[in-house]
There are 2 protein chains.
Amino acid sequence: MEHNLKEFFDKALKEVSLDCAVFGFHEGELKVLLLRWKGTDGWSLPGGHILLDESANDAANRILTQRTGLSDVYLQQFYTFGNVNRYVYHPEKELLEKLETTFGKGFFDGIIFRRVVSIGYYALVEFAQVQPTPDWFTDECRWWSLADVPHLLFDHNEMIERALKALRRHARNHPIGYNLLPEKFTMPELQRLYETILDRSFDRRNFQKLLMSYDILERLDEKRIGAANKSPYLYRFVKEKYDKAVEEGISFSM
Amino acid sequence: MEHNLKEFFDKALKEVSLDCAVFGFHEGELKVLLLRWKGTDGWSLPGGHILLDESANDAANRILTQRTGLSDVYLQQFYTFGNVNRYVYHPEKELLEKLETTFGKGFFDGIIFRRVVSIGYYALVEFAQVQPTPDWFTDECRWWSLADVPHLLFDHNEMIERALKALRRHARNHPIGYNLLPEKFTMPELQRLYETILDRSFDRRNFQKLLMSYDILERLDEKRIGAANKSPYLYRFVKEKYDKAVEEGISFSM
DNA sequence: TTTTCTTTGTGTAAAATTTACGCATTGAAT
DNA sequence: ATTCAATGCGTAAATTTTACACAAAGAAAA
């Protein structure tokens, strides 16, 4: 296994990596995809290195496809982390020992635990479509509710914080939802998404009025049945209009 | 001179660099600081490499201090450029030949013209305070009006575009001016700055009302004299309140 | 010295946007 | 059939944004 890694690194940039906060929406909560490093209980964001003949954005797409099974994921670069000790620092000595047990002593020296600048991306994905898949360094990949995210390796907690801020800023200036919701959804579901991301509540009547005023949604003749209340209509985004609104920006003024 | 460069590179990251769009405001126009490469008429943004024991932000500050003579420059990271050919590509073959004449054939191979990811920063500075200073590769450093910026080396035109977009976004969500104007300024001068950055005009009465509503400006008892018209009052930012407003954000709603 | 010209200082009304809020209806569960 | 919780729809009030005009100051010109 050491062989493959070396071979990969020969074709990749060593001083730059990228990490990605993958956000999904499930049961009214924002979730983020995390990886548990082999033989340890240390968690991190998915990430990886950029190949020599590959742009940073392509690398992010490649890595995201590997971790989720999805192609053409919605990706947004949000910040580049360039502190000196961001990658070298790891608070749990115990954890490093476990990693050394798994990978062999000194294995990471000069590969992982060196000075690396990391480009931060966030991704928005449809929760149900994701097939969480661990990578070479990890043996578990799964969703975490944002509120439950543990203390992560490296500077990845800070990364999530910044990614969230960037996502919130984005949601205030662009329509959001196409990448996070299934094709058909109800207005209350969309509202819940907005409330979760922006961390506040909205009047449902005003919310509906505002969202419909953007002219990006189409109400279908179907309703969601099953709950003990009036069945809500289903909606879907009109892709062309949605894309246009993403492009031009809208100000979510609630 | 080759010696110094090699010595420097031994202490620096080679696959990452940073470039900086330095903006100043003078005679009602936005200016950007550019460097002319030795022996050529090719211009680029100021930039440089990150030392091994230095964070990206510290490196940006160091480089900016070297180019402007200012310390503690207002700096904002806005995007990281990770395309494969962004640094290798240079449209003017002629230019490369001139560089080779100046620096020696093959001098740049493996130093400059290689795969490098560059972190983009923009800086806001007080025009009159800047002492434009060329670096090791260049023999001229001067201000350019944004409208006159020529075709630049590498992907630096795109960098300026993106920096401007980021600056505009910033100006719509935060107060601006403290870093671009002298300590004391008139309301029309501040308005001109906003109009230049946001590329539109404002009603001067509404502008004054809005800016004063932010409670970040103090009107002084002095006036600017000399022009053939009613002397306008001088204002200055109240630093603590300005900083608070930058921190919390305001929406410039005109 | 007077007049002219340009630019500044100030306030109010209209328009548009945002917020607040009530009642009838639906559909599952009791 | 009744109850209960959530949805669909519309209007009035509050706030924010926009539009707009006239008097005053100061240098320059007459």
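No hydrogens, no waters, no symmetry mates; every other heavy atom, side chains included, goes into these values. Note on naming: letters A, B, ... go to the chains in the order of the sequence lines (proteins, then strands), and numbering restarts at 1 for each one.
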Problem set entry | Sorted by number, the residues of residues 227-238 of chain A with heavy-atom contact under 4.0 Å to DNA chain C | A227(A), A228(A), N229(A), K230(A), S231(A)

Exercise. Considering only heavy atoms, which members of residues 187-204 of chain A lie under 4.0 Å from some atom of DNA chain D?
Worked result: P188(A), R204(A)

Exercise. Hey, does R224(A) reach any base, or is it just sugar-phosphate, or nothing, if we go heavy atoms under 4.0 Å?
Worked result: nothing

Exercise. Y178(A) ring centre to K239(A) NZ or CZ under 6.0 Å, with the angle to the axis within 45°?
Worked result: yes

Exercise. Just checking T186(B): base, sugar-phosphate only, or nothing, at a heavy-atom cut-off of under 4.0 Å?
Worked result: nothing

Could you run down the sub-3.5 Å N/O contacts of the protein with nucleotides 13-15 of chain D?
none

Exercise. Can you say whether the rings of H26(B) and F127(B) are parallel (under 30°), tilted (30 to 60°) or perpendicular (over 60°)?
Worked result: parallel

Seminar exercise, completed: Min and max contacting nt of DNA chain C in 5' to 3' order, chain A heavy atoms within under 4.0 angstrom, are dT18(C) to dA29(C)

Seminar exercise, completed: Residue set satisfying ring-ring contact (aromatic ring centres under 6.0 Å, His included) with F185(B), at least two apart, ordered chain then number -> F237(B)

Seminar exercise, completed: The salt bridge (Lys or Arg N to Asp or Glu O under 4.0 Å) partners of E158(A) (sequence neighbours excluded) come to R162(A)

Exercise. Of all residues at least two apart in sequence or in a different chain, which pass the side chain to side chain contact (heavy atoms under 4.5 Å, CB included) check with P182(B)?
Worked result: E126(B)

For this session: Apply salt bridge (Lys or Arg N to Asp or Glu O under 4.0 Å) to K209(B) and list each qualifying residue two or more places apart in sequence or on a separate chain.
Result: none

Exercise. Salt bridge (Lys or Arg N to Asp or Glu O under 4.0 Å) with E183(A): which residues, sequence neighbours excluded?
Worked result: R236(A)

For this session: Test side chain to side chain donor-acceptor pair (under 3.5 Å) on Y121(A) and N57(A) and set out the steps.
Result: CA-CA 9 Å; Y121(A) 287 81; N57(A) 291 342; 2.5 Å; yes

Name each donor-acceptor pair under 3.5 Å that joins a side chain in residues 246-254 of chain B to protein atoms two or more places apart or in another chain, with its distance.
none

Problem set entry | Any residue meeting side chain to side chain donor-acceptor pair (under 3.5 Å) with R36(A), in chain and number order, not counting sequence neighbours | D139(A), E140(A)

Problem set entry | Position toward the 5' end of DNA chain D (nearest nucleotide), R205(B) or G226(B) | R205(B)

Exercise. What residues, two or more places apart in sequence or in another chain, satisfy salt bridge (Lys or Arg N to Asp or Glu O under 4.0 Å) together with K223(A)?
Worked result: none

Exercise. Parallel, tilted or perpendicular: which describes the rings of W43(A) and W144(A), with under 30° parallel and over 60° perpendicular?
Worked result: perpendicular

